[in-house]
Amino acid sequence: MTLSMTAVRKSYTTAEGVIEILNGIDLDVGASESVALTGESGSGKSTLLHLAGGLDHADGGSVIMQGQDLAKFGERERADYRRTQVGLVFQQFNLIPSLNVAANISFHAKLAGRYDAAWELDLTERLGLAPYLSRFPEQLSGGQQQRVAIARTLAARPPLILADEPTGNLDEATGDAVLELMLSLAKNAGSALLLVTHSMRLAHRLDRKVILRGGRIVE
Amino acid sequence: MRFALAALLSHWRRKPLQLLTLVMGIALATALWSGVQAINAEARASYTRAASVLEQGALQQVVSKGGGGISIDTYGKLRRAGWNLSPVIEGTVRFGASWIKLVGIDPTTMPREGQVASITDGSDISSFFSAPGQLVVSAATARKLRNATDMRLKISENVPDDAAFVDISVADRLLDARGKINRLVVASEQRPGLDPIDQVAPETMLRENTDKPDVARLTDSFHLNLTAFGFLSFVVGLFIVYSATGLTFEQRRGTFRTLRSLGISLPALTTMLVVELAAFSLFSGIIGVILGYFIASALMPGVATTLKGLYGANVPGSLSIRPEWWVSGLAIALGGTAISSVRSLWRVWSLPILAAAQPRAWQRASAKTLAYQATAGGGLLLLSAVLAVTGSGIVIGFGVLGALLLGCALLLPGLLAISLASAERVSRTALTQWFWADTRLQLPGLSLALMALLLALSANIGVGTMVSSFRLTFLGWLDQRLAAELYVTAKDEDQATRLREWLPQHSTAVLPIWSVEGDVFGDQLQIFGVADDPTYRDHWPLIVADDNAWDEVASGKGALINEQMWRRGTAKPGQTIAMPGGWDATVVGIYSDYGNPKGQVIVGIDALVAHYPDVSKLRYGIRVPPESAPTLRQQLVSEFGLPETAIIDQISLKQQSRAVFEQTFAVTGALNVLTLAVAGFAMFSSLLTLSGIRLPQLAPVWAMGIRRRNLALYEVARTLALWLATFIAAIPVGLGLAWVLLAIVNVEAFGWRLPMTVFPLDWLWLGAVALVAAILSILVPVRRLATINPADLLRIFANER
């Protein structure tokens, strides 16, 4: 099993009081498996992704990645984990504005020590990014930026890819094409994929779908 | 409208630090500028006050053409011709340990405009005339003179310190003037149809009253110097205001758009913003003027000492609060804020109603903007070079300085961008590549602070190099020039005669220090006589000299002129000078004369006495073996009853000269430090502001596995890299500035040119100070980043952001 979450709980304290976001989540994702995470707004999808990605701490339960318990990690280990074990794709792209497309794509792979020029070249061609390699993020459209963000994650070939609405900014046809490509490339790279989406249509295209409601998995 | 204004102002509640930056920027700019202006205004008011009281500056004066004074006969001749004139005998006299400028007047003939308020009615006049005499002085001078004279002291508020009015007959006696009148004050009302003065008494000439007293003209360059540094600090302060207003306007773009879409017209919105800025600038201006008062009060004693030491000008060491100063300070605050925010206001004015609400990357400068900026900088450098080669005059000198500094500041961001792009290209790892690229991304937001830092650092290096070069030359010159072991001043001519008889048996050489004032080439200047003694040949450095210059001087045919006269083109070697009294001398050499703002001529002592038999013969330099100097000093005290203050040894004189020198540049040094502090604050506020909009740029790097602590270290390294690059750039700019100061400004302002010497250790010291400032400026933003809650970073990735 690549990722194993057991009885995971997470709450936030706000001005209105304590809000329970996740309330006992059990979820396993196997190697090369793709899992769709759906649910209404505020159901805890992004929070679950952040916990799996080592960006945030769970209040209770365990998050085990390839046999290692994230709760036991200090900041240094969490940073190492994010650099080498996880790839994140955000809805807002979160590209590095100071680097051009080529440098953005290779950035994570180089940090993780898994840079492969041939693999990156193949990726950029398949994602249609070859003509834009010397451009900067601000010179690209939203769809192009999203493809760069996906390429960056796939180039690093992490064991686990966490994607938060990766096609949310794309039109349906482009979104479908990009998702298809993402699934196939993730499979090629041997990466597990946990993908947040509102779209049941997209969710059906993944190996498995999980629905979150009120901080619990209901299906 | 009220609600709209409240919505606009609500921004400041959420961003108190930004408000503080804006207020501090305006206040600092106003403080430094208005502080310097206050110093200048106080000094100028003091010159005018002194001139109007001591020199009857509002009235025309008759003076001797030859410089030897006006005889009683000439005065009588003019009176008989019907001219309404009043005689003045003046000079400096010692009372105990104090030297006082004595102005001897005749109150019965003195025109009303030239009267001292305290001696206008009958009883005052009778007391003024009665024996043993009355000195009309300020309260401070009265305190000094108590127990130092048997004359009565009368206090008058409008007499400057260290000066005294006295009856003309008393002045004649105390100054040993022997009836020689220094000048005749011409009443403004005269009988019509009088023969012109130069026809009645051809040996005299009429000196017109001028708007500015002599000392005010002499000190112009000093005050211009202060103004230039005040202006530099003002510009650095405005950089802070410019960047603060730019940022707050950018961050409120969304609010502007919303208000406009809700029906607030563009003129109404702009008016509200103008009112808001005016209110802030007035509030900050008040703080600035108060700060300026404290800065000026702190600097004023130093300025007063400098003016006294350098120009002999008496300026009070304290500051009076003047209403016009408040008004001009607030006007400066308003004007400075207007200049700094006009671009931002124009952007609001031209903002389409449907413009994106998201703030653009703050002050993002495209390559095109950098290129325009660099072109303007290059143009200014060219202008600076053209002015340096073709122009003349002190204003042009400061023009060269201004164009050089501003040109280099404008070039800096472009040069840094090129350097950072080169570093990025040669980077081997992903992180170093990101580091350089990210540093380049921060450049537009930091460029104003870096430009301010460049200005402050180069001003420090430039002025420091100038002062250190000057110090080195001046101290060497002092060592050579002050060769006599003792300097003695006799109480009167009788004592001087006895000294001249006694001293040769008790010393190896006696060097008279005798001088007269006279008109040479239309200027009143000092003419000194020197003895034919090896001391001068061995110790007086001549910049330009004929082979037998000293022989020529000793023979009475040759004259030496000081560097000031030569540099100003008044005279040159080989030229014949028409000396006052109707004789000629040929210029045979030029000598350095640091610290003297006026021209000076040296002739042989025999020629001086022959042509000016009335020359005061009170002062002497005495050569003795150094170990014998203390004994001789004691002998002089016991034999002649000379007070300790009448004898000064070489070491003390050098110490005094050095103290005056150090004090002269203490004020510019203080202004330099203040400018550096303002630049440090500009850096701090820019970094703090940037740190607020850095999270979206740093969060993805953190998400990909770089720790917050490492990100913070990169931020420190980034700031230090930019600081180092700016510091390196400041060295050649500072040296250029020093060259302009030494080769152009000093020559124009003071009339002397000095060799430039570089002091790399001083740069290291300055670099260390600037490094501490840079580290302090980054401390708060970096600490904030290193300890940021991951939840804040996560917000960057939240969909609802």
Side-chain angles (χ1 to χ4, degrees), chain A residues 12-13 41-42 45-47 49-51 53-57 74-100 102-113 115 136-138 149 152-153 156 158 162 164-165 168-169 196 198, chain B residues 356 358 360-362 364 366-367 417 420-421 424-425 427-445 693-712 714 718 786-801:
Chain A
Y12 288 115
T13 306
S41 293
K45 304 184 293 293
S46 294
T47 303
L49 227 54
H50 292 159
L51 295 179
L55 297 170
D56 208 351
H57 296 265
E75 188 177 349
R76 180 195 294 269
E77 290 79 17
R78 281 180 175 270
D80 289 344
Y81 168 70
R82 289 196 300 271
R83 194 165 63 244
T84 57
Q85 305 293 309
V86 185
L88 297 150
V89 183
F90 304 101
Q91 190 182 11
Q92 297 296 334
F93 332 129
N94 293 110
L95 299 177
I96 297 171
S98 52
L99 298 178
N100 65 18
N104 258 292
I105 292 173
S106 58
F107 187 73
H108 194 179
K110 286 178 174 171
L111 283 184
Y115 176 64
F136 283 85
E138 64 180 18
R152 178 175 68 187
T153 299
L162 301 167
D164 195 352
E165 300 265 15
N169 286 307
V196 168
H198 277 108
Chain B
Q358 279 291 329
R360 292 177 300 175
W362 179 48
R364 176 164 294 171
S366 63
L420 292 170
E424 186 188 340
R425 263 195 302 278
S427 296
R428 294 265 173 248
T429 69
L431 265 182
T432 50
Q433 189 187 13
W434 164 76
F435 174 78
W436 293 119
D438 192 54
T439 306
R440 193 150 54 92
L441 188 74
Q442 307 315 312
L443 207 49
I693 54 176
R694 288 283 285 147
L695 286 189
Q697 295 161 6
L698 295 174
V701 185
W702 170 75
M704 281 184 273
I706 304 299
R707 295 160 67 193
R708 287 171 296 169
R709 199 194 70 167
N710 290 348
L711 286 176
Y714 280 121
R718 179 173 294 112
T787 57
I788 193 169
N789 192 333
D792 292 329
L793 286 162
L794 282 177
R795 245 177 247 132
I796 305 300
F797 309 117
N799 291 347
E800 59 271 25
R801 179 169 64 93

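Residue numbers start from 1 in every chain, and the chains themselves are labelled A, B, ... in the order their sequence lines are given, proteins ahead of strands.
When heavy atoms are compared at a cutoff of 4.5 Å, A:Leu55 approaches chain B by way of both its backbone and its side chain. With a threshold of 4.5 angstrom between heavy atoms, B:Trp436 does not approach chain A through any atom at all. In this structure, the portions of A:Arg76 lying under 4.5 Å from any heavy atom of chain B include both its backbone and its side chain.
The aromatic rings of B:Phe435 and B:Tyr714 sit tilted, their planes meeting at an angle between 30° and 60°.
Considering only residues two or more places apart in sequence or on other chains, B:Arg707 meets the salt bridge (charged side-chain N to carboxylate O under 4.0 Å, His left out) condition with none of them. In terms of the side-chain contact (heavy atoms from CB on, under 4.5 Å) criterion, residue partners of B:Arg425 (sequence neighbours excluded) are, by chain and number, B:Ala421, B:Ser422.
Contact record, B:Leu420 with B:Leu443: CD1-CD2, 4.1 Å, taken as the closest heavy-atom pair. Between A:Pro97 and B:Leu441 the shortest heavy-atom distance is CG-CD2, 3.7 Å.
For the salt bridge (Lys or Arg N to Asp or Glu O under 4.0 Å) condition, the pairs that include at least one residue of residues 432-441 of chain B, sequence neighbours left out, are B:Glu424-B:Arg440, B:Asp438-B:Arg694, B:Asp438-B:Arg718.
Proximity to chain B at a heavy-atom threshold of 4.5 Å picks out A:Phe107, A:His108, A:Lys110, A:Leu111 from residues 104-112 of chain A, in numerical order.
A donor-acceptor pair under 3.5 Å is formed between the side chain of A:Glu77 and the backbone N or O of A:Gly74.
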